[in-house]
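Note sheet for the following structure.
Scope of the values below: all heavy atoms of this structure, side chains included, with no hydrogens, waters or symmetry mates.
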Amino acid sequence: MIKGFKIKESTISKNDWKATKDRPTIIENDNITGYISRNENGTPILDGEKLINDWFPNSSDKNIFISHAHKDAQLVENFASFLENQGLKPFVDFEVWGRCTELIKKINDEFNAVCGEKDTYYYSDAQSISANIYIILVTALNKMISQCSTFIFIESNNSLEDDYTYSPWIMEELNTFNILCGNNQIEKRFLDEYMPFNVTVSFKINDIISNLKEIEDQECLFQSLK
């Protein structure tokens, strides 16, 4: 059964948990549109299974899933490197985000560009392209969580504010962990005061966070991740 923990940003900084050697970089796929082919009618088809297999490690490669805010990426990169230096196998999702954004743009450039206009795409098709890529990503992330034996939430001002998170990705990751533990889904509400001309969705996650065991020092860290 998956184990859940939380670590405060201040704990990582205080204990100076960072790499003593460089962390191996992920393998990039330069031919990013190689995931796309056309059927007999000329319709572009994205090979989602190949994309997931190429971008995400298999279950034997990683066993610790780290959930975090995008703004904490450098802190989490240092922490993941520290864990790897100790022989552990963490997974952090920001390693695929850059390629995801690049893939969406390249698909739009290749198949959805308005003739004669730079970086201008047909709205409806652009929405469908983004939605399909993100669904593939969510599916793969949920699969990664289910394959890992340990789930760690990095608690910071960026990931948690007054019992709520404003990141749908953190919500999805915590919700998946919660479901794997046999609990209920996360409460959500809609707010419009945080982002002008748009809608921000907030998710109450304190009930889940409060059930995660907090790791406060290095001894506790290694005991918990054995």
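A continuous path of ILVMFWY side-chain contacts below 4.5 Å connects I209 to F177, so both sit in one hydrophobic cluster. There is no path of hydrophobic side-chain contacts, each under 4.5 Å, that joins I36 to Y121. The cluster map of Ile, Leu, Val, Met, Phe, Trp and Tyr, joined by side-chain heavy atoms under 4.5 Å apart, puts L225 and F82 in the same cluster. Under a hydrophobic clustering in which Ile, Leu, Val, Met, Phe, Trp and Tyr are joined whenever their side-chain heavy atoms come within less than 4.5 Å, directly or via other members, I107 and I135 fall into different clusters. When hydrophobic clusters are built by joining Ile, Leu, Val, Met, Phe, Trp and Tyr residues whose side-chain heavy atoms come closer than 4.5 Å, directly or via intermediates, I133 is not grouped with Y122.
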(request) Any chance you could lay out the side-chain contact (heavy atoms from CB on, under 4.5 Å) test for Y134 and I104, step after step, and finish with the verdict? (result) CA-CA 9 Å; Y134 287 132; I104 290 172; 3.8 Å; yes
(request) Check the pair L221, W17 against side-chain contact (heavy atoms from CB on, under 4.5 Å), reporting the backbone distance first and the verdict last. (result) CA-CA 11 Å; L221 175 70; W17 288 337; 3.9 Å; yes
(request) Start with the C-alpha distance between N178 and L174, add both sets of side-chain angles, then the distance that settles side-chain contact (heavy atoms from CB on, under 4.5 Å), and finish with yes or no. (result) CA-CA 6 Å; N178 207 31; L174 284 169; over 6 Å; no
(message) Is there a side-chain contact (heavy atoms from CB on, under 4.5 Å) between S37 and D47? Walk through the geometry before answering.
(response) CA-CA 8 Å; S37 60; D47 190 338; over 6 Å; no
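Within the model, atoms CD1 of I64 and CZ of F5 stand 9.5 Å from one another, a figure rounded to the nearest 0.5 Å. A distance of 10.5 Å separates CD1 in I170 from CD in E155, rounded to the nearest 0.5 Å. Taking CD of E173 as the start and CG of N142 as the end, the distance is 8.5 Å to the nearest 0.5 Å. Distance check, rounded to the nearest 0.5 Å: CG of D163 to CG of L160 gives 6.5 Å. The line from OG1 of T139 to CD1 of I52 is 6.0 Å long, rounded to the nearest 0.5 Å. Interatomic distance, CG of D93 versus NE2 of H70, reported as 10.0 Å (0.5 Å rounding).
For N158, the side-chain hydrogen bond (donor to acceptor under 3.5 Å, both in side chains) partners at least two apart in sequence or on another chain are D72. Partners of Q127 under the side-chain hydrogen bond (donor to acceptor under 3.5 Å, both in side chains) rule, at least two apart in sequence or in another chain, are Y123. Applying the salt bridge (charged side-chain N to carboxylate O under 4.0 Å, His left out) test to E214 and every residue at least two apart in sequence or in another chain returns K8. Every residue two or more places apart in sequence or in another chain was checked for a side-chain hydrogen bond (donor to acceptor under 3.5 Å, both in side chains) with E216, and none qualifies. For N39, the side-chain hydrogen bond (donor to acceptor under 3.5 Å, both in side chains) criterion is met by no residue, not counting sequence neighbours. Residues passing the ring pair (Phe, Tyr, Trp, His ring centres under 6.0 Å) test with F153, sequence neighbours excluded: none.
Residues E161 and N157 bring no donor and acceptor atom of their side chains to less than 3.5 Å of each other.
In this structure a side-chain-to-backbone donor-acceptor pair under 3.5 Å is missing from S13 to S10. When atom types are taken as modelled, the side chain of N15 and the backbone of T11 share a donor-acceptor pair closer than 3.5 angstrom.
Taking the six-membered ring where the residue is Trp, F65 and F151 present parallel rings, their angle staying beneath 30° rather than reaching 60°.
Between E9 and L75, some side-chain heavy-atom pair lies under the 4.5 Å cut-off. Under the 4.5 Å side-chain criterion, counting only non-hydrogen atoms from C-beta, T176 is not in contact with L141.
Using a 4.0 Å cut-off between charged nitrogen and carboxylate oxygen, E110 and K106 do not count as a salt-bridge pair.
For the residue pair K62 and P90, the shortest heavy atom distance occurs at CD-O, 3.0 Å. Of all the heavy atoms in I136 and G48, the pair that sits closest is CD1-CA, 4.0 Å. Here the closest heavy-atom approach between residue I7 and residue I215 is recorded as CG1-CB, 3.8 Å. Residues T150 and I2 approach most closely at N-CG1, 4.1 Å, considering heavy atoms. Nearest heavy-atom pair across S159 and T165 is O-OG1, 3.1 Å. When every heavy atom of K213 is checked against every heavy atom of S224, the shortest pair comes out as NZ-OG, 4.3 Å.
Atom CG of D119 has more than 12 heavy atoms from other residues, nucleotides or ligands within 6.0 Å.
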